[in-house]
Amino acid sequence: MTKPTPTEIGHGYDAFADLLDQIWGENLHHGYWDDTFDETSLEDATNRLTDKLSGLLTIEPGDRLLDLGCGIGEPAIKLATAHDIEVVGVSISERQVQRANDRVASAGLAGRLSFQLADAMELPFPDESFDIVWALESLHHMPDRWHVLRQVARVLRPGGRVAIGDFLLVSGADGQEPDAARVREVSKGVLSIVGIDEYLSNIRAAGLVPEAIEDVSKHTQPSWGKAAVRFEALRDQALPHIGAEQFELTLSRFHGFSEESTLGYVLLTARKPV
Ligand code: SAH
């Protein structure tokens, strides 16, 4: 199976847009748990991951932040509520953009928050127009992460920062060797990941200087199993939207990922030099 195009990803999220929050909650990303005894709910744990990533940044009042792959806007709303900043979010899913925009007024953030349909591969923004770019669990969908990072460097002002949450190839439990090919197979061809050295060298090649790097793999790993349980419970609701084949494929991915200990997760930040 080949990696879906941005348009196909967008249609996939459109079909899923009103179901996904019953799986992940309003954050469409992994949760963070302290350890295996931590009984925090998936919803609270996903908020924690947002906090972990924003905690790696210094966010100044008046900053302009681009949320790359904004989902239904929950992380953007959280960031704009906690900090006096302006946020522009982009997603490749029309339905997500609509839902995210519908939430702005009730969050009391009209005028500071907006969402639009755009492909991160071709960002429709001028050079040096943002202080911060935020990409939480979205780069793995894009046809070429490193091309997107060059776009990120272009739209950041000198001294601006990028915050990334992404999948990472790691040594697994019991020293299992990192194996990108196996992860790709488990994902049925859609997920390509690299180790930290390759990730960092591509960040540098895009003209950015890595700053904070946190391997949170152990803390996020429980997400897949928890999502699989919720997804399975949604079978009857999901089938009319996505069909049986897609349902089984997605479920088998969630189960496969929950057992793949070399599929890790990294939080990192980088700066565009002045
Ligand atoms: N960051 C959000 C959503 C993560 S889900 C959250 O944490 O809640 C992945 C997101 O990436 C979706 O919104 C999807 O539409 C977006 N995405 C995937 N490929 C994209 C592309 N090529 N351009 C813009 N957004 C994209």
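Sequence positions, counted from 1, serve as the residue numbers for this chain. Just so you know, ligand 1 is whichever comes first in the structure, and atom 1 is the first atom listed for that ligand. Remember, predicted model here, so these are calculated numbers, not experimental data.
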side-chain hydrogen bond (donor to acceptor under 3.5 Å, both in side chains) involving E43 - partner list, sequence neighbours excluded: R230
Ring centers of H29, Y265 separated by less than 6.0 Å: no
Short side-chain donor-acceptor distance under 3.5 Å, S129 and R157: no
Side chain to side chain, L168 and I193, heavy atoms closer than 4.5 Å: no
Amino acids contacting ligand 1, non-hydrogen cut-off under 4.0 Å: P6, I9, Y13, N27, L28, H29, G69, C70, G71, P75, S91, I92, S93, Q96, A118, D119, A120, L136, E137, S138, H141, M142
Pairing of D179 and R184 as salt bridge, 4.0 angstrom limit: no
Residues R64 and D131 bridged, charged N to O under 4.0 Å: no
